[in-house]
Engineer: 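My questions all concern the structure below.
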Amino acid sequence: MAAMKPRTGEGPMEVTKEGRSLILRVPIDGGGRLVLELNAEEASNLRDCLLGVTDTVAS
């Protein structure tokens with residue numbers, strides 16, 4: 001039987017490369033992590049969206 005690991009949202013946001021995909025892990029409130037698998041184009045689009053929003057907030 002596999003060992004059970006606690007599900008916590010603690011820890012940093014991280015991105016790893018696995019094959020052709022980028023795996024984004026984001027801690028969420030209430031415990032656990034949101035895990036997204038993105039290709040390079042999707043990651044670029046996400047970056048552009050985030051930059052657009054953060055540039056507006058910073059101004």
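Side-chain atoms are counted along with the backbone in the values below, which use heavy atoms only and exclude waters and symmetry mates. Residues: numbered from 1 along the sequence shown. Computed from a prediction, not measured in an experiment: that's the story for all the values here.
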Engineer: Just do the side chain to side chain contact (heavy atoms under 4.5 Å, CB included) check on Glu14 and Arg33 with the steps written out, would you?
Structural biologist: CA-CA 11 Å; Glu14 62 183 5; Arg33 292 168 86 76; 3.6 Å; yes
Engineer: Hydrophobic clustering (ILVMFWY, side-chain heavy atoms < 4.5 Å, transitive) - are Met13 and Leu34 grouped together?
Structural biologist: yes
Engineer: Donor-acceptor pairs are to be reported for all side-chain atoms of residues 41-50 against protein atoms at under 3.5 Å, with residues two or more places apart or in another chain.
Structural biologist:
residue : atom : partner : partner atom : Å
Glu42   : OE1  : Asn39   : N            : 2.9
Ser44   : OG   : Arg47   : NH2          : 3.3
Asn45   : ND2  : Glu41   : O            : 3.4

Engineer: Under 3.5 Å, which donor-acceptor pairs do the side chains of residues 20-31 form with other protein atoms, sequence neighbours left out?
Structural biologist:
residue : atom : partner : partner atom : Å
Ser21   : OG   : Glu37   : OE2          : 2.8
Arg25   : NH1  : Thr16   : OG1          : 3.3

